[in-house]
Amino acid sequence: MYHKNPTYRIFYLFNIAFLVLISVVCVLPLLHIFAVSLSGKSAADSNLVGLIPVDFSLDGYLRTFENSNFLSALKISVLRSAVGTILAMCVTVLAAFPLSRNSKEFRGRSFYVWFFLIIMIFDAGLVPHYILMEKINLINSFWIFILPGLVNVWNIILMMNFFRALPRDLDEAAIMDGATSFQIMSRIYLPVSLPAIATLSLFTLVGHWNAWFDGMLYMTSPDRWPLATLLQTIVVVQDFSKTGIRFEDLQTLSNRSVKSAQIFIAMLPILLVYPFLQRFFVKGIVLGAVKE
Amino acid sequence: MKPGTDMAANAAPKANPGTGTIARQFAATWRLHLMLVPAVLVALIFKYAPMPGIIIAFQDFKPWKGISGSSWVGWSNFELIFSMHDSRQVILNTLIISCLKIAFGLVVPVIFALLLNEIRQTGLKRSVQTLVYLPHFMSWVILGGILLDLLSLEGIVNQLLSFFHMQPVMFLSEGNWFRFTVILSDLWKEFGFSAIVFLASLSGINPALYEAAEIDGAGRMKQTLYITLPSMLPIIVVVFTLSLGNMLNANFDQIYNLINSLVLDKGDIIDTYVYRSFQEGQYSLSTAVGLFKSVIGFIMIGGGYYSAYKWANYRIF
C-alpha cells in the first residue's frame with residue numbers, strides 16, 4: 001500500500017499543511033475586515049488592526065444603522081433578492097421541464113433550444129440594452145432589477161439536466177393515469193428536485209444580493225440604489241458627490257471601521273445561507289457540468 | 001431486462017402522438033409550449049429586442065435624433081477602433097489578462113483537486129472545501145473594497161513586507177503589478193469553486209484501476225500520472241474549450257472596482273472602455289466596441305461548444 005510508504009507519509013503531512021494554509025488564506029481577508037469593523041476609530045484609521053479587534057467598539061455598526069441611505073438601500077436589496085429569486089425560479093422550472101422532454105415527446109424542442117442558445121452566446125451590448133430600457137420606460141423602475149434577470153439560460157440548463165437524470169419510470173405511471181404535463185411536473189418532478197432548486201436559488205439569490213452595476217447604470221437617483229451599488233460608491237469609488245449624502249454623514253461613512261462594518265453587513269447574508277446549501281450545490285453543479 | 005423498460009416502451013406511443021397532423025401534435029403538447037411562454041417572453045423583450053439596436057454601431061448616433069434620424073457612417077467606427085492607440089491597447093490588455101486568467105484558472109484548480117483528493121480525513125476535506133468555495137460567493141464590490149484596503153501603501157500587506165525589510169509594492173498603482181494583482185486575486189476567488197467539477201470526476205474513477213496498479217508496484221506518483229490524469233482529461237478538455245469563450249471577458253466587475261487612473265494604460269479592458277465611452281456620450285463608439293467583443297465572443301463560445309461536443313462528446317443542451 002502506498003499509504004505506508006515513508007516518502008508518501010511526508011508528502012501527506014506537507015499536503016495537509018499546505019491545504020490548511022490555502023484555506024486560511026481564503027478567509028483571512030474576510031476575518032481582517034471583521035476585526036476592523038469591531039475596532040475603535042483611531043486604531044482602525046491608523047491601520048493597527050490585524051485579526052483581533054483593537055479598542056473593541058460597536059460604533060461602526062451603530063453608525064451604519066443610523067444612516068438612512070444605508071437602511072433604504074438595504075431594504076431595496078432585500079426586496080429585489082426575495083422577489084427576483086422567487087420569480088426567476090418559477091420561470092426557470094417552467095422552462096426547464098418542457099426542455100427536459102426528448103424531441104419525440106416535444107416536437108418544438110429544438111426550436112426552443114436554438115432560441116435560448118443564441119441569447120447565451122450573443123449579447124447585444126451595453127448601449128442597445130440601455131436604449132431599450134429607456135424606450136420601455138424601465139429606467140428608475142424597481143422592476144429593472146427583476147425582469148431582465150428572469151431568464152438565465154445556464155440555470156435552465158442545470159435544472160433541465162436535473163430533470164433528465166430522474167428515472168423516467170416515475171412519470172410513465174402518471175401518464176397512464178391521465179396526468180397532464182403540469183401535474184407531472186408539479187406533483188412528481190418538483191418534490192424530488194429540491195437539491196437542484198436549492199442550488200439555483202442560492203446562485204440567483206447571491207447574484208441579486210451582489211448585483212451593483214444595474215443600479216448604477218439604470219437608476220438616476222441614489223435613493224433607488226440597492227446596497228451593493230451604494231457600497232460600491234462608498235467603498236470603492238469613494239466619491240460622495242453624486243450620492244447626495246450630507247456632509248456630516250460623509251465624515252462618518254469614510255471612517256474605516258464604518259466602511260468595514262458595511263462590507264461585513266453586505267457579506268453576512270451570504271455567510272449565513274451558504275453553509276446550509278453547500279451540500280446541495282456541489283451535487284447541482286456536478287450534474288450540470290459532468291454528463292454524457 | 002427490467003420490467004420498467006418494457007413499460008416505458010409501451011407507454012411511449014401514448015405520450016407522443018407520433019406522425020399526426022400539426023394540430024394533433026399541438027393538442028398533445030400545448031401545455032409544454034405554455035410552460036415556456038414566460039421564459040420566451042422575457043427573452044424576446046430583454047435579450048432579442050435590444051439586438052436591432054446594434055445598428056447604431058454603424059451610425060453617428062445622437063440620442064436626440066434617435067436611431068432613425070442619426071446619420072450612417074458605415075464601418076468608420078470600427079476603423080476608428082483599430083486606428084486609435086487607446087482602443088488597440090485596450091484589446092491587448094483584455095487578451096493578456098484574460099488569457100493568463102484562463103491558463104491559471106485551469107491549472108491551479110486541477111492541481112488543487114489532485115491534492116485535496118489525497119486527503120482521507122473526510123472532516124478535514126469538507127472544511128477545506130467550505131473555506132475555499134467561500135470567496136466565489138462574494139461580489140467584487142466587497143472584495144474590491146477589501147483589496148483596496150489590504151494592498152494600499154499603508155495596508156497590512158505592505159506593513160508585512162516592510163517588517164521583512166522589503167520595499168513596499170504598489171499593487172494597484174503600477175501597471176504590471178496591477179495585472180499581477182488582478183490575475184492573482186481572480187485566481188484566489190475562483191480556484192476552489194472551479195475545482196468542484198474536477199473533484200467530481202476524480203471520485204468517479206474506478207478504484208479497480210488503482211488496485212491493479214498497486215499490484216503492479218506503481219507508487220502514488222505513477223498512479224496519478226497514468227490513471228488519475230488520463231481519467232480527468234476529458235473534463236479538463238471540456239472546461240478549457242468552454243473557457244475560451246471568455247477570451248475577451250477579463251471580468252468587468254473586478255477591473256472596474258480595482259482600477260484607477262494610474263494604471264489605465266495597462267489595466268483598462270474592453271468592458272470598462274465600453275462603459276467609459278458610454279458615460280462620455282460616445283454611444284456609437286461604445287456600441288461598436290461592444291459589438292466587436294460580442295462577435296468575437298460568439299465565435300469563441302460557439303467554437304468552444306462545437307469542439308467540446310466533437311472532442312469530448314459534451315452536449316450543452
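Order of the sequence lines fixes the chain letters, A, B, ..., with proteins taken first and strands second; residue numbering starts at 1 for each chain. For the numbers below, each heavy atom of this structure counts, side chains included, while hydrogens, waters and symmetry mates do not.
- Heavy atoms closer than 4.5 Å to chain B are found in both the backbone and the side chain of A:Ala95.
- In this structure, B:Lys125 does not pair ionically with B:Glu118, as no charged nitrogen and carboxylate oxygen lie closer than 4.0 Å.
- Between B:Asp149 and A:Lys259, none of the side-chain N atoms (NZ, or NE/NH1/NH2) sits under 4.0 Å from a carboxylate O, so this pair counts as no salt bridge.
- Only the side chain of A:Leu132 comes within contact range of chain B, with at least one heavy atom under 4.5 Å from a heavy atom of that chain.
- In terms of non-hydrogen atom pairs under 4.5 Å with chain A, the most contact-rich of B:Gly155, B:Gly53, B:Ser294 is B:Ser294.
- The candidate from B:Ile299, B:Leu258, B:Ile119 with the greatest count of non-hydrogen atom pairs under 4.5 Å with chain A is B:Ile119.
- Pairs of residues two or more places apart, or lying in two chains, that qualify as side chain to side chain donor-acceptor pair (under 3.5 Å) and include a residue from residues 33-44 of chain B are A:Tyr112-B:His33.
- Within the 4.5 angstrom heavy-atom criterion, only side-chain atoms of A:Phe213, from C-beta onward, approach chain B.
- For chain B, the nearby part of A:Ile131 is the side chain; its heavy atoms alone come within less than 4.5 Å.
- B:Asp271 has a carboxylate O that lies under 4.0 Å from a charged side-chain N of B:Lys293, or vice versa, which qualifies the two as a salt bridge.
- Shortest non-hydrogen contact noted between A:Met133 and A:Pro148 is CE-CG, 3.6 Å.
- Heavy-atom distances place the side chain of A:Val153, and not its backbone, under 4.5 Å from chain B.
- Of the N and O atoms on the side chains of B:Glu214 and B:Tyr210, not one donor lies less than 3.5 Å from an acceptor on the other residue.
- In this structure, chain B has heavy atoms under 4.5 Å from both the backbone and the side chain of A:Leu117.
- With a threshold of 4.5 angstrom between heavy atoms, A:Ile270 approaches chain B through side-chain atoms but not through N, CA, C or O.
- Heavy atoms of A:Phe18 lying under 4.5 Å from chain B belong exclusively to its side chain.
- Chain B forms the most heavy-atom pairs under 4.5 Å with one residue out of A:Ile16, A:Val24, A:Asn5, and that residue is A:Ile16.
- With respect to chain A, the highest number of heavy-atom pairs below 4.5 Å among B:Met221, B:Met300, B:Arg126, B:Gln121 belongs to B:Gln121.
- Of the two parts of A:Phe122, the backbone and the side chain both hold a non-hydrogen atom closer than 4.5 Å to a non-hydrogen atom of chain B.
- The candidate from B:Pro135, B:Ser277, B:Pro234 with the greatest count of non-hydrogen atom pairs under 4.5 Å with chain A is B:Pro135.
- Of all the listed residues (B:Phe252, B:Phe191, B:Phe112, B:Phe61), the one sharing the greatest number of non-hydrogen pairs under 4.5 Å with chain A is B:Phe252.
- The greatest number of non-hydrogen atom pairs below 4.5 Å with chain A, out of B:Leu131, B:Ile301, B:Leu36, is found for B:Leu36.
- When heavy atoms are compared at a cutoff of 4.5 Å, B:Phe137 approaches chain A by way of both its backbone and its side chain.
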